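Start at 1 and go down the list; that is how both ligands and their atoms are numbered. Nothing here was measured: the structure is a model prediction, and the numbers come from that model. Below, each value reflects all heavy atoms present in this structure, side chains not excepted, and no hydrogens, waters or symmetry copies.
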Amino acid sequence: MSQHKEIKRITTNTLQKMKDDGEKIAMLTAYDYSMATVLDDAGLDVLLVGDSASNVMAGHETTLPITLDQMIYHAQSVVRAAKRSLVLIDLPFGTYQGNSREALNSAIRIMKESGAHGLKLEGGAEIMESVDRILCAGIPVMGHLGLTPQSIYKFGTYAVRGKNEAEASKLMEDAALLQQAGCFALLLEKIPAKLGMEVSQMLKIPTIGIGAGNGCDGQVLVINDMIGLTKGFRPKFLRQYLDLYEEIRLAGESYVSDVKSKAFPNNSEQY
Ligand code: KIV
């Protein structure tokens, strides 16, 4: 399958065409300029400035503490790096749930100040008024259903969602509502593969899965998990491509040893 490497900038239309043509969409999170430069060069279709920055960048236990200002800072760095990838940002917790006017203000501010190409919001029917208002302002929105980490204290657990009939049918209804409202795509997190497949087949817009099975139209992972920087985090859905934690730890150990033993710098490493 061609990787669309020749395309100048991926747009929401490109993603729709990928679904229509049966080409899977590759998305990863990114939070800083250096990593986003490499991932853009690697051919990622979408870079998500996820509010998982709260966990992996800032060390918080949940995504709740990250602020709009902090998300804008991360997104500006990613936007500066991305030449081809579409850049999306999570609207952080507390900036859109209050009312739709607050949601629109947050959306406009984050789009204006970051230069990103679209937003992701967690939730279905409960946030539809906000979604409508943001879409009316011409801002592309990706929905996010299934496990929605901003509601972790309501769920009480990071377990798989949509396993029982009631949850699965609410998810199907919310997915249809988000598509009807005009969302350009839908992220599905931690749901049974069968449900991921059903939603993807029901919707015309692309679905992007994380722990939602191979039937989704694309996949996303948190970059720090995918390259093995988050020590000890190995959920079933994660494919870890590198063990960077160990590699960096070993490099750090070698550096300490070279400095202490006066082996660094050597003659060719000084002026
Ligand atoms: O913030 C995040 O990293 C996400 C994941 C589901 C990709 O939203």
Open item on the list: Does E165 have more than 12 heavy atoms from other residues, nucleotides or ligands lying within 6.0 Å of its CD?
Closed with: no
Task: Where ligand 1 meets H144 - atom numbers and elements under 4.0 angstrom, heavy-atom basis - done: 6 (C), 8 (O)
Task: Enumerated ligand 1 atoms positioned under 4.0 Å from heavy atoms of V222 - done: 3 (O)
Task: Greater than 12 external heavy atoms within 6.0 Å of E129's CD - done: no
Task: Numbered atoms of ligand 1 (with element) below 4.0 Å of G50, judged on heavy atoms - done: 1 (O), 2 (C)
Open item on the list: Show the atoms of ligand 1 that are less than 4.0 angstrom away from any heavy atom in E189.
Closed with: 6 (C)
TODO: Return a yes/no value for S52: is any of its N or O atoms, backbone included, closer than 3.5 angstrom to an N or O of ligand 1?
DONE: yes
Open item on the list: With a cutoff of 4.0 Å, is K120 in contact with ligand 1, counting heavy atoms of the residue only?
Closed with: yes
Open item on the list: Pairing donors with acceptors under 3.5 angstrom, does anything connect the side chains of S200 and T207?
Closed with: yes
Task: Enclosure of Y73 OH (heavy-atom neighbours >12, cutoff 6.0 Å) - done: no
Open item on the list: Looking only at the side chains, is there a donor atom on one of S257 and S254 sitting less than 3.5 Å from an acceptor on the other?
Closed with: no
Task: Residue part near ligand 1, for D51, under 4.0 Å between non-hydrogen atoms - done: both
- [ ] State whether a side-chain donor-acceptor pair under 3.5 Å links Y31 with T29.
- [x] yes
Open item on the list: Once you restrict to heavy atoms under 4.0 Å, what part of L48 touches ligand 1? Side chain, backbone, both or neither.
Closed with: side chain
Open item on the list: With a sphere of 6.0 Å drawn around CZ of R101, does it hold more than 12 non-hydrogen atoms of other residues, nucleotides or ligands?
Closed with: no
Open item on the list: Taking 4.0 Å as the limit for heavy-atom contacts, which would you say applies to D90 with ligand 1: side chain only, backbone only, both, or neither?
Closed with: side chain
